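Since we're looking at a predicted model, the values are computed, not measured.
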Amino acid sequence: MIEYEGRVFRPPSEAYSLIVQVTIGCSHNKCTFCDMYKEKQFRVRPLEAVKRDFDEARRMYRRVERIFLADGDALMCRAEHMAEILRYIKKRFPECERVTSYGSPKSVLVKTQAELDELHALGLDMIYLGLESGSDTVLARINKGETADEIVRAGLMVKAAGMKLSVTCIAGLGSTELSEEHAVKTAEALSRMKPEYIGLLTLLFELPTPLMRDWQEGRFYLMNPIEIAQETLVLLEHIDCEGSVFRANHASNYVNLAGTLNADREAMCEKLRAALEGKVRFKSEAFRAR
Ligand code: SF4
């Protein structure tokens with residue numbers, strides 16, 4: 001059996017990937033909206049335990065084409081630790097076509113460009129990076145731990161290493177008073193990084209978090225579908241990410257959007273305008289999920 005500690009999260013695009021935990025939890029674990037790893041104490045798993053899981057997977061699966069390295073920021077382990085894991089993957093799964101991982105901004109920034117270059121050469125193909133917002137005010141409020149500039153720098157280092165970059169942002173994170181700033185600055189940060197993939201989620205509360213408590217106690221206003229559509233429209237109107245695949249078709253989104261920027265931007269804006277005019281239905285709360 002492959003060992004999984006606690007709930008294991010993965011991006012939607014890793015639904016068919018072999019998932020192995022390189023780390024347990026998230027080294028930051030302090031974002032006020034995030035409930036993913038709250039029950040876990042962050043640590044890097046010993047190499048032998050990770051290799052044991054890969055050996056077990058080799059016995060279980062004849063063909064493994066995609067591998068996702070979990071948890072929250074697997075890239076936080078030392079570069080040599082990750083390099084050894086990537087070498088082992090190459091040895092045990094020569095058929096594997098893609099290895100990806102979550103990477104917190106800090107996990108990228110603590111590495112040198114040469115280390116990231118080497119990790120890419122050893123087979124690390126893509127990093128999922130959480131921008132959440134391009135507004136420093138919003139980032140400080142949610143306790144992200146980095147500024148927008150630092151996150152952009154991390155994203156550009158990933159790209160300079162030759163890896164693909166997938167960036168996530170969250171609509172509604174600045175509530176109404178910071179909505180405009182959140183949308184415009186997020187568009188600016190994304191435009192500077194021009195990631196291969198952009199995922200826009202919508203803020204949703206399921207399990208207790210500090211931000212959820214603020215909402216329950218009246219200190220945070222959770223934006224409604226109309227306000228979220230208006231904010232997303234502002235973001236799309238300000239974005240310049242030629243070639244980026246843009247997706248807001250996650251279970252948390254009220255209006256599903258998908259397209260390639262900048263070509264499909266106007267069509268996505270049109271869909272949002274139609275939703276605001278009542279011609280496209282917003283997803284009901286009952287069907288939303290994280
Ligand atoms: S860095 Fe990511 S996984 Fe860690 S607490 Fe923040 S949002 Fe959650």
Side-chain angles (χ1 to χ4, degrees), residues 31-34 104-105 128-156 158-159 165-204 211 214-215 219-250 252-277 280 282:
C31 296
T32 61
F33 66 90
C34 173
S104 64
Y128 295 93
L129 180 77
L131 167 65
E132 330 305 358
S133 174
S135 154
D136 284 340
T137 314
V138 174
L139 290 172
R141 281 194 190 180
I142 61 163
N143 206 11
K144 178 69 182 168
E146 283 92 16
T147 63
D149 264 355
E150 288 168 328
I151 303 173
V152 168
R153 190 151 55 84
L156 293 176
V158 168
K159 287 189 71 175
L165 179 65
S166 179
V167 176
T168 308
C169 321
I170 304 177
L173 209 47
S175 195
T176 39
E177 79 265 25
L178 290 173
S179 179
E180 172 94 11
E181 172 176 332
H182 174 51
V184 172
K185 301 255 179 183
T186 300
E188 283 172 11
L190 291 167
S191 303
R192 287 168 66 196
M193 285 189 278
K194 298 198 183 345
E196 277 75 15
Y197 301 96
I198 298 169
L200 178 70
L201 314 178
T202 300
L203 184 63
L204 174 72
L211 194 60
D214 284 348
W215 169 60
R219 291 184 296 274
F220 181 85
Y221 170 73
L222 190 61
M223 288 164 66
N224 65 37
I226 293 172
E227 291 159 340
I228 293 289
Q230 285 163 339
E231 179 180 290
T232 306
L233 194 52
V234 175
L235 186 151
L236 281 173
E237 283 167 352
H238 285 79
I239 205 167
D240 175 13
C241 280
E242 191 60 44
S244 298
V245 172
F246 181 94
R247 291 198 188 103
N249 54 2
H250 182 260
S252 67
N253 295 114
Y254 287 111
V255 178
N256 281 347
L257 302 171
T260 301
L261 297 170
N262 295 326
D264 298 330
R265 179 173 46 193
E266 191 42 38
M268 291 191 280
C269 287
E270 263 313 306
K271 188 167 179 187
L272 286 168
R273 288 187 200 105
L276 288 168
E277 288 164 12
V280 170
F282 293 115

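- Of all heavy-atom pairs spanning L165 and M193, the tightest one is CD2-SD, 4.1 Å.
- The distance from the CD1 atom of I228 to the CG atom of L203 is 7.5 Å, given to the nearest 0.5 Å.
- Proximity of E132 to T186: side-chain heavy atoms (C-beta onward) are nowhere separated by under 4.5 Å.
- Atom CG of L211 sits about 11.0 Å away from atom SG of C31, to the nearest 0.5 Å.
- Without hydrogens or angle criteria, N253 side chain to L200 main chain gives a donor-acceptor distance under 3.5 Å.
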task: For the pair T32 and R141, evaluate side-chain contact (heavy atoms from CB on, under 4.5 Å) and give the outcome as yes or no after the intermediate values.
output: CA-CA 8 Å; T32 61; R141 281 194 190 180; over 6 Å; no
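- Salt bridge K144/E150: absent, no basic N to carboxylate O contact under 4.0 Å.
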message: Checking E237 against R265 for the side-chain contact (heavy atoms from CB on, under 4.5 Å) test, could you report, in this order, the C-alpha distance in whole Å, the side-chain angles of both residues, the deciding distance, and whether it holds?
response: CA-CA 8 Å; E237 283 167 352; R265 179 173 46 193; over 6 Å; no
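- Classification of D149 and R192 as a salt-bridged pair holds, one side-chain N sitting under 4.0 Å from a carboxylate O.
- Under a 3.5 Å cut-off, the side chain of S135 and the backbone N or O of T137 do form a donor-acceptor pair.
- Looking at E196 and S244, their side chains never bring a donor and an acceptor atom within 3.5 Å of each other.
- Summarising the local packing, CD of E266 is surrounded by more than 12 heavy atoms from other residues, nucleotides or ligands at distances under 6.0 Å.
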message: Between L276 and Q230, is the side-chain contact (heavy atoms from CB on, under 4.5 Å) condition met? List the steps.
response: CA-CA 8 Å; L276 288 168; Q230 285 163 339; 3.8 Å; yes
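- For the 3.5 Å distance criterion, the side chains of H182 and S133 qualify, holding a donor opposite an acceptor.
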message: Run T202 and Y254 through side-chain contact (heavy atoms from CB on, under 4.5 Å) and show every step you take.
response: CA-CA 8 Å; T202 300; Y254 287 111; 4.0 Å; yes
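- Here the side chain of T260 pairs no donor or acceptor atom with the backbone of G243 at under 3.5 angstrom.
- In the model, T147 has no side-chain atom that pairs as donor or acceptor with a side-chain atom of D136 under 3.5 Å.
- When all heavy atoms of C241 and N262 are compared, the closest pair comes out as N-OD1, 3.0 Å.
- Closest approach of A148 and G134 over heavy atoms only: CB-O, 3.3 Å.
- From F33, atom CZ reaches atom CG of L201 across 9.0 Å, with rounding to the nearest 0.5 Å.
- For the pairing with L257, the side-chain contact (heavy atoms from CB on, under 4.5 Å) check across D264, N249, L272 returns one residue only, L272.
- Distance CD1/I142 to CD1/I170: 6.5 Å, rounded to 0.5 Å.
- Between the S166 side chain and the Y128 main chain, no donor and acceptor come within less than 3.5 Å of each other.
- For K194, the NZ atom sits in a packed shell: over 12 heavy atoms of surrounding residues, nucleotides or ligands are nearer than 6.0 Å.
- Take E231 and apply the salt bridge (charged side-chain N to carboxylate O under 4.0 Å, His left out) test, not counting sequence neighbours, and it matches no residue.
- Taking all atoms of both residues into account, the shortest heavy-atom contact from L129 to I151 is CD2-O, 3.8 Å.
- If you take CZ on F220 and OG on S175, they are separated by 4.5 Å, rounding to the nearest 0.5 Å.
- Looking at I226 and F282, their side chains come closer than 4.5 Å, going by heavy atoms from C-beta outward.
- Atom CD1 of I239 is separated from atom CD1 of I198 by 4.0 Å, given to the nearest 0.5 angstrom.
- Shown here for V138 and G174, the closest heavy-atom pair between the two residues is CG2-CA, 3.9 Å.
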